Asker: 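Can you keep this structure in mind? I'll have questions shortly.
Heavy-atom basis, side chains included; hydrogens, waters and symmetry copies ignored. Positions are given from 1, in the same order as the sequence printed here. Fair warning: this is a prediction, and the values are worked out from it, not measured in the lab.
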Amino acid sequence: MVINSSLTVLVLALVASVSCHPKITGRIVNGTITDIERFPFAVSIRRPDGTHLCGSSIIAPSWLLTAAHCAKGRTASETKVQYGTATIGVQGENIAQVKRIIIHEQYNPSKNFLNDIALLELEEALVYNYKNIAPVTLPKPRFEIHQVPKGAPGVLIGWGYNGTHEETQDTLHSVDLKIYSDNECSRRHEKRTTSHQICAGVDEGWKGQCGGDSGGPLLYSGSIQVGIVSWSTRPCTLPPFPGVFTKVSHYVDWIYKHIN
């Protein structure tokens, strides 16, 4: 087989960059353990066996927001969630049954996960106590155009891997990230992103999302959800590629149309 020399150089460079980097020891990738009281809207979506699959967020008493790729191919009857706790587990507390799954009608994974957004309706409404159970704040339409400056700080939360080939965690983690402009997002991902997506990471890499964080929230100003974890380059958090999120402000009308 003939291998393109430039491709070989690229592959070797990527391998070298990974092998020379210190072992990833954090969670979410290089995040830290956090409390549910800080993020009372964080919810774990479970597989049928009770293990963690994806993240999501509370947006109304009976509704959760997540990524379409977390819901695609699943039925409501086989889907449960765990809420109100930073520590999740098969035998854990606060388990709720999903009643209905709504996936964006134009979700297209073949086009770099365009419209990667879904809603989960619960069988029974949650009761907010504003300590460990409360809704996230949804942005206004086109929110980041006027409200989020270039390079603004963001926070990602989730139970995801601490590396590409690791396992999901049983304790909620958070990591501070930089929210990139649309132009910078597109440039770093070689024009594979769209205006309906937003990027967050750090310039030096090795911090951000990985498997198991999908569907979870990217937050601005503490509790405003500007993104839903959608996809990333592998290995996870490899520089210069920031994580890619569905831009929530472009879908708020779609969200309210369904939950109202």
Asker: Taking only residues two or more places apart in sequence or in another chain, which ones pass salt bridge (Lys or Arg N to Asp or Glu O under 4.0 Å) with K247?
Answerer: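 K247 satisfies salt bridge (Lys or Arg N to Asp or Glu O under 4.0 Å) with D182 once adjacent residues are dropped.
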Asker: Would you say L172 ends up clustered with V229 if hydrophobic residues are merged whenever their side chains have heavy atoms under 4.5 Å apart, either directly or through other cluster members?
Answerer: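 No, no single cluster joins them.
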Asker: Could you work out, with salt bridge (Lys or Arg N to Asp or Glu O under 4.0 Å) as the rule, every residue matching R100, not counting sequence neighbours?
Answerer: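 If we apply the salt bridge (Lys or Arg N to Asp or Glu O under 4.0 Å) test to R100, skipping adjacent residues, the hits are E121.
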Asker: Could you check whether any side-chain heavy atom of K80 comes within less than 4.5 Å of a side-chain heavy atom of I95, counting everything from C-beta outward?
Answerer: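 Of all side-chain heavy-atom pairs linking I95 with K80, at least one is under 4.5 Å.
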Asker: How would you list all residue pairs meeting salt bridge (charged side-chain N to carboxylate O under 4.0 Å, His left out) that involve residues 169-179, not counting sequence neighbours?
Answerer: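 Salt bridge (charged side-chain N to carboxylate O under 4.0 Å, His left out) check on residues 169-179 returns K178-D203.
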Asker: Determine whether more than 12 heavy atoms belonging to other residues, nucleotides or ligands lie under 6.0 Å from atom CD of E124.
Answerer: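 No, CD of E124 has 12 or fewer neighbouring heavy atoms, counting only those of other groups under 6.0 Å.
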Asker: For a 4.5 angstrom cut-off between non-hydrogen side-chain atoms, does Y128 reach P61?
Answerer: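 Result yes, sub-4.5 Å side-chain heavy-atom pair found.
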Asker: Mind checking the CD1-CH2 spacing from I117 to W254? Nearest 0.5 Å is all I need.
Answerer: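 Reported value, rounded in 0.5 Å steps: 5.0 Å.
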Asker: Sequence neighbours left out, what passes salt bridge (Lys or Arg N to Asp or Glu O under 4.0 Å) with R187? Give chain and number order.
Answerer: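 R187: salt bridge (Lys or Arg N to Asp or Glu O under 4.0 Å) contacts with E184.
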Asker: Drop me the distance from L238's CG to S232's OG, to the nearest 0.5 angstrom.
Answerer: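 So the gap between those two atoms works out to 10.0 Å.
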Asker: So Y107 and L114, do their side chains get closer than 4.5 Å, heavy atoms only?
Answerer: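 Of all side-chain heavy-atom pairs linking Y107 with L114, none is under 4.5 Å.
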Asker: Got more than 12 heavy atoms from elsewhere within 6.0 Å of CD, Q106?
Answerer: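 At most 12 heavy atoms, drawn from other residues, nucleotides or ligands, come within 6.0 Å of this atom.
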Asker: Just so I know, are the side chains of W159 and D213 near enough to count as touching, which here means a heavy-atom distance under 4.5 Å?
Answerer: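 No, their side chains stay 4.5 Å or more apart.
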Asker: Report yes if the side chains of T237 and K207 come closer than 4.5 Å at any heavy-atom pair, otherwise no.
Answerer: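 When only atoms from C-beta onward are counted, K207 and T237 do not touch, as no gap falls below 4.5 Å.
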Asker: Give me each pair satisfying salt bridge (charged side-chain N to carboxylate O under 4.0 Å, His left out) with a member in residues 40-59, each pair once, sequence neighbours excluded.
Answerer: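 Salt bridge (charged side-chain N to carboxylate O under 4.0 Å, His left out) check on residues 40-59 returns no pairs.
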Asker: Could you give me the CA-CA distance, side-chain angles and deciding distance for C236 and Y161, then say whether side chain to side chain contact (heavy atoms under 4.5 Å, CB included) is met?
Answerer: CA-CA 9 Å; C236 295; Y161 301 171; 5.6 Å; no
Asker: Out of curiosity, does I198 fall in the hydrophobic cluster containing V252 (side-chain heavy atoms, cut-off under 4.5 Å, transitive links)?
Answerer: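 Shared cluster, no.
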Asker: Any side-chain heavy-atom pair from V175 and T32 closer than 4.5 angstrom?
Answerer: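 No, every pair of side-chain atoms sits at 4.5 Å or beyond.
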Asker: Do T193 and N112 have side chains that get closer than 4.5 Å, going by heavy atoms?
Answerer: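 When only atoms from C-beta onward are counted, N112 and T193 do not touch, as no gap falls below 4.5 Å.
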Asker: Would you please test F245 and D116 for side chain to side chain contact (heavy atoms under 4.5 Å, CB included) and show each step?
Answerer: CA-CA 8 Å; F245 303 75; D116 192 7; over 6 Å; no
Asker: Residues two or more places apart in sequence or in another chain: which of them pass salt bridge (Lys or Arg N to Asp or Glu O under 4.0 Å) with R74?
Answerer: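 R74: no salt bridge (Lys or Arg N to Asp or Glu O under 4.0 Å) contacts found.
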Asker: Kindly compute the distance separating CD1 (I45) from CD1 (I88), expressed to the nearest 0.5 Å.
Answerer: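 So the CD1 of I45 and the CD1 of I88 are separated by 11.0 Å.
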Asker: Spell out, as yes or no, whether a donor-acceptor pair under 3.5 Å connects the side chain of D35 to the backbone of E37.
Answerer: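 No, D35 side chain to E37 backbone: no donor-acceptor pair under 3.5 Å.
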Asker: Out of the candidates I101, I259, T66, only one should pair with L119 under the side-chain contact (heavy atoms from CB on, under 4.5 Å) rule; please name it.
Answerer: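 Among I101, I259, T66, the one that satisfies the side-chain contact (heavy atoms from CB on, under 4.5 Å) with L119 is I259.
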Asker: After noting the C-alpha distance and the side-chain angles of N162 and V29, does the key distance pass the side chain to side chain contact (heavy atoms under 4.5 Å, CB included) rule?
Answerer: CA-CA 4 Å; N162 64 339; V29 178; 5.6 Å; no
Asker: What do the steps show when you test K150 against Y180 for side chain to side chain contact (heavy atoms under 4.5 Å, CB included), and what is the final call?
Answerer: CA-CA 6 Å; K150 295 179 181 179; Y180 292 95; over 6 Å; no
Asker: Holding to side-chain hydrogen bond (donor to acceptor under 3.5 Å, both in side chains), I want the full list of residues that pass it with N183, two or more places apart in sequence or in another chain.
Answerer: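 side-chain hydrogen bond (donor to acceptor under 3.5 Å, both in side chains) check on N183 returns nothing, list empty.
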Asker: If only atom types and distance count, is the side chain of Q209 paired as donor or acceptor with the main-chain N or O of G160 below 3.5 Å?
Answerer: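 Pair absent, no side-chain N/O of Q209 close to backbone of G160.
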Asker: So, the side chain of H52 versus the backbone of G212: is there a donor-acceptor pair under 3.5 Å, distance only?
Answerer: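 The answer is yes, because a donor-acceptor pair under 3.5 Å joins these two groups.
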Asker: Could you tell me whether a side-chain N or O of E144 sits under 3.5 Å from a main-chain N or O of S249, the two making a donor and an acceptor?
Answerer: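 Answer holds: no.
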Asker: Just grab all the disulfide (SG to SG under 2.5 Å) pairs involving residues 31-130, residues at least two apart or on different chains.
Answerer: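 Residue pairs passing disulfide (SG to SG under 2.5 Å), neighbours aside: C54-C70.
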Asker: Is L138 reachable from V226 through a run of I, L, V, M, F, W or Y residues, each pair having side-chain heavy atoms under 4.5 Å apart?
Answerer: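 V226 does not cluster with L138.
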Asker: State, yes or no, whether a side-chain contact exists between I102 and W63 at a heavy-atom distance under 4.5 Å.
Answerer: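 A side-chain contact exists here, since the closest heavy-atom pair is under 4.5 Å.
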Asker: According to a hydrophobic-cluster definition based on side-chain heavy atoms being under 4.5 Å apart (Ile, Leu, Val, Met, Phe, Trp, Tyr only), do I179 and V248 belong together?
Answerer: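 They do not share one cluster, since no chain of ILVMFWY contacts under 4.5 Å joins I179 to V248.
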Asker: Which heavy atom in S174 sits nearest to a heavy atom in V155, and how many Å separate them?
Answerer: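 Looking at all heavy atoms of both residues, the closest pair is CB-CG1, 4.1 Å.
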Asker: Could you list the residues that satisfy ring-ring contact (aromatic ring centres under 6.0 Å, His included) with Y251, not counting sequence neighbours?
Answerer: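 Y251 satisfies ring-ring contact (aromatic ring centres under 6.0 Å, His included) with H104 only.
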Asker: Which residues satisfy the side-chain contact (heavy atoms from CB on, under 4.5 Å) test with S221, sequence neighbours excluded?
Answerer: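 Only I224 meet the side-chain contact (heavy atoms from CB on, under 4.5 Å) criterion with S221.
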Asker: For D253 versus P141, what's the shortest heavy-atom pair and its separation?
Answerer: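 That closest heavy-atom pairing would be OD1-CG, 4.2 Å.
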Asker: Of the non-hydrogen atoms in Y220 and P153, which two are nearest, and what is the gap between them?
Answerer: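 In this case the closest contact between Y220 and P153 is CD1-O, 3.5 Å.
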Asker: Taking it one step at a time, do H69 and S230 satisfy side-chain hydrogen bond (donor to acceptor under 3.5 Å, both in side chains)?
Answerer: CA-CA 8 Å; H69 76 266; S230 183; 4.8 Å; no
Asker: Taking it one step at a time, do T246 and Q197 satisfy side-chain hydrogen bond (donor to acceptor under 3.5 Å, both in side chains)?
Answerer: CA-CA 5 Å; T246 300; Q197 295 167 322; 5.9 Å; no
Asker: Could you report the tightest heavy-atom contact between G84 and I36, atom names first, then the distance?
Answerer: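 Scanning both residues, the minimum pair turns out to be C-CG1, 3.9 Å.
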Asker: Aromatic rings H189 and W231: how do their planes relate, parallel, tilted or perpendicular, breaks at 30° and 60°?
Answerer: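 Rings of H189 and W231: perpendicular, over 60°.
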Asker: Roughly how far, to the nearest 0.5 Å, is CG of L218 from CD of Q225?
Answerer: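 Q225 atom CD to L218 atom CG measures 8.0 Å (nearest 0.5 Å).
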Asker: Verify the cluster assignment for V136 and L126: are they in a single hydrophobic cluster under the rule of side-chain heavy atoms below 4.5 Å apart?
Answerer: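 Shared cluster, yes.
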Asker: Which residues pass the side-chain contact (heavy atoms from CB on, under 4.5 Å) test with S110, not counting sequence neighbours?
Answerer: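 side-chain contact (heavy atoms from CB on, under 4.5 Å) list for S110, sorted by chain: N108.
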Asker: What's the shortest heavy-atom distance between I103 and A68, and which atoms?
Answerer: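 The answer is CG2-CB, 3.7 Å.
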Asker: I'd like to know if the side chain of S56 and the backbone of V43 have a donor-acceptor N/O pair within less than 3.5 Å.
Answerer: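 Pair found, side chain donor or acceptor close to backbone of V43.
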Asker: What residues form a ring-ring contact (aromatic ring centres under 6.0 Å, His included) with Y256, not counting sequence neighbours?
Answerer: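 Scan of Y256 (ring-ring contact (aromatic ring centres under 6.0 Å, His included), adjacent residues dropped) gives none.
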Asker: Closer than 3.5 angstrom, by distance alone: can the side chain of N132 be matched with the main-chain N or O of T85 as a donor-acceptor pair?
Answerer: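 No; judged by distance alone, with no hydrogens or angles, the pair does not exist.
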Asker: Roughly how far, to the nearest 0.5 Å, is NE2 of H250 from CZ of F143?
Answerer: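 Answer rounded to 0.5 Å: 12.0 Å.
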Asker: What's the spacing between C210 SG and R234 CZ if we round to 0.5 Å?
Answerer: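 So the gap between those two atoms works out to 4.5 Å.
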